[in-house]
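Taking it in order: structure first as structure tokens, then the write-up.
As the structure lists them, so they are numbered: ligands from 1, and atoms in each ligand from 1.
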Amino acid sequence: MEKQMATEVLVETRPTLVMAEHPKQDLWDTVLTQLDDVAQRLNLDPGIHAILRQPERELTVAVPVVMDDGKIKVFTGYRIQHSSARGPCKGGVRYHPDVNLNEVKALAALMTWKCAVVGIPYGGAKGGVKCDPRQMSEDEVRRMTRRFTAMIMPIIGSKRDIPAPDVNTNAQTMAWMADTFSMLAGKTVTEIVTGKPIPLGGSLGRKEATGRGVAIITAELLKRERQRLSDTTVAVQGYGNVGSATATILNQMGCKIVAVSDISGGLYNPRGLDIASINQHVAAHPRRLLEGSEAPGVEKVSNHELLVSDVDVLIPAALEHQIRADNAPYIQAKMIVEAANGPTTREADEILNDQGIIVVPDILANAGGVVVSYFEWVQDLQCFFWDEEEVNRNLRRIMVRSFKEVWDFSREQEVSPRLGAYMLAVDKVAGAVLARGVFP
Ligand code: NAD
């Protein structure tokens, strides 16, 4: 009732709506609180709990870059390895002005849980450079990438820690990283990174893999909720690698995508957006943005309006902490599938739970990327490449199985899918730590 009233007010005041101020919450704090809760529920050994509360290794590096004007600028970069208990560390590299040590630590821990929940033999890592790539030329980004790779070289390796793309990094970034590592190693090491271009040992299907995984999970969720794909409306926040692939694949599956957004704003059409023509527009835009792609019947909306729009499924696919205590009470979606990492704050999660909104957590929903990264690594190591159909079939098998495990376990334990996924993941990682014992 309260939710409905709030929505009515929102619609009336739409043009002048201002977002409430919110203190910036620390993602590392969110991750630790979640772990502490799970440790208690699992009755985890306090020593194992203490091990999992700290990353195994934290590296901060200074990355000097000669900018195009000839001046030197020094960027700060990080590579964090949270856990290698279940296998080599794995995780993306992010370029963003908000990158900081705690954020990278949190994202590394999320990778540990993610790899465990889908049962692939990796631990978790993450990297990032605090920079604004939108203000830099391609040459500057290339020089920064090469120097960053050289600086983290002592701790990465194809059986140690394998980077991949994340926010504002892509296949080209991975090509520069692979080349830099190879030049310094004196041999070609394609398996040092995943998400590479196909001619350099990349895997077919990797580019769309995270979005494909999100779409598979959404379809599985709808099946459990006895809702047909063709009767489902979807809003997607963020239209980069993950958001655009998710929207495109769900649209191909029959869902109506009614809202999408990126940093330039959002688009809304209750009758469904023309995703194919939006994709054409974004591909031709110099900064790959939605801006300027309005068509007849399409309304411009803010990111806030997108998040609270009246849809069946909301898919946050931008950055962390987009769903917070200030906007969660207004969310009308029945289901949320977390394509971004950490898009929901703890307070918001409680609000959504109380409202009966089903949330499929990031560590399950967006695991498709790391699953196909794993396939890419396996293909590189074997020098034997699969066709796209095989990649997609194996991705589907793992995502469907993992969804079923999390869903059934959560029902059995009477906990949310997030808690269920965390309990399964932490239990697997703790089991590996216990089996290995503490060295020496
Ligand atoms: P990307 O850089 O390709 O795209 C990010 C998108 O978010 C862009 O469209 C950008 O305009 C938009 N955006 C940024 N701030 C926004 C805001 N405040 N409101 C609305 N839109 C905003 O990044 P990506 O690779 O698509 O990653 C998106 C999310 O998915 C991140 O949380 C990332 O960690 C997570 N993720 C990515 C992968 C992967 O394979 N790339 C895998 C798993 C998880």
Side-chain angles (χ1 to χ4, degrees), residues 19 22 24 27 90-99 103-104 106-108 110-111 113-115 117-118 124 126-128 132-134 141 163-174 193-196 202-203 205-214 217 235-248 259-267 278-279 282 285 287-291 293 301-307 314-324 327 337-344 361-374 376 395 399:
M19 288 279 286
H22 60 90
K24 210 161 180 181
L27 188 61
K90 187 87 188 82
V93 171
R94 173 178 292 201
Y95 292 165
H96 197 274
D98 291 344
V99 164
E103 180 188 80
V104 185
L107 293 168
L110 288 179
M111 285 303 295
W113 315 138
K114 193 180 299 183
C115 294
V117 93
V118 291
K126 201 80 179 191
D132 189 352
R134 284 174 301 158
V141 173
D166 191 70
V167 174
N168 292 326
T169 56
N170 53 28
Q172 179 59 70
T173 324
M174 294 305 112
V193 288
T194 58
K196 298 179 293 290
S203 176
R206 172 61 184 92
K207 192 165 176 282
E208 308 78 19
T210 309
R212 185 173 297 281
V214 175
I217 293 288
V236 181
Q237 184 206 30
Y239 212 74
N241 175 299
V242 179
S244 63
T246 302
T248 305
V260 295
S261 71
D262 67 9
I263 38 158
S264 68
L267 305 172
I278 289 177
N279 287 346
V282 171
H285 189 285
R287 285 167 53 216
R288 304 198 147 246
L289 293 176
L290 292 167
E291 75 181 355
S293 66
V301 288
S302 68
N303 260 298
H304 175 73
E305 287 168 322
L306 176 136
L307 291 174
L314 170 64
I315 303 187
L319 293 172
E320 51 268 14
H321 287 175
Q322 294 297 304
I323 303 176
R324 303 175 294 261
N327 56 19
V337 180
E338 293 185 337
N341 284 312
T344 312
D362 47 5
I363 59 169
L364 170 63
N366 70 28
V370 75
V371 169
V372 177
S373 272
Y374 165 54
E376 179 176 333
L395 169 65
M399 297 307 288

Original post:
Are Arg94 and Glu320 close enough for a salt bridge, meaning some N to O gap below 4.0 Å?
Top reply: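 Yes, this pair counts.
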
Original post:
Any sub-3.5 Å donor-acceptor pair from Glu376's side-chain atoms to Gly195's backbone N or O?
Top reply: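 Yes.
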
Original post:
Are any side-chain N or O atoms of Asp262 and backbone N or O atoms of Gly240, one a donor and one an acceptor, separated by less than 3.5 Å?
Top reply: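 Pair absent, no side-chain N/O of Asp262 close to backbone of Gly240.
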
Subject >> Within the 4.0 Å heavy-atom sphere of ligand 1, strictly under, residues >> reply: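 Contacts of ligand 1 under 4.0 Å: Arg94, Asp166, Val167, Asn168, Arg206, Thr210, Gln237, Gly238, Tyr239, Gly240, Asn241, Val242, Asp262, Ile263, Asn303, Ala317, Ala318, Leu319, Gln322, Ala339, Ala340, Asn341, Asn366.
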
Original post:
So, Asn170 versus Thr173: side-chain donor-acceptor pair below 3.5 Å or not?
Top reply: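 A donor-acceptor contact under 3.5 Å links the two side chains.
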
Original post:
Got a second to check how far Glu208's CD is from Thr248's OG1, nearest 0.5 Å?
Top reply: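 Interatomic distance, Glu208 CD to Thr248 OG1, rounded to 0.5 Å: 9.0 Å.
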
Subject >> Validation row: Ile323, Leu314 side chains within 4.5 angstrom (heavy atoms) >> reply: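 With C-beta onward as the side chain, the pair touches.
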
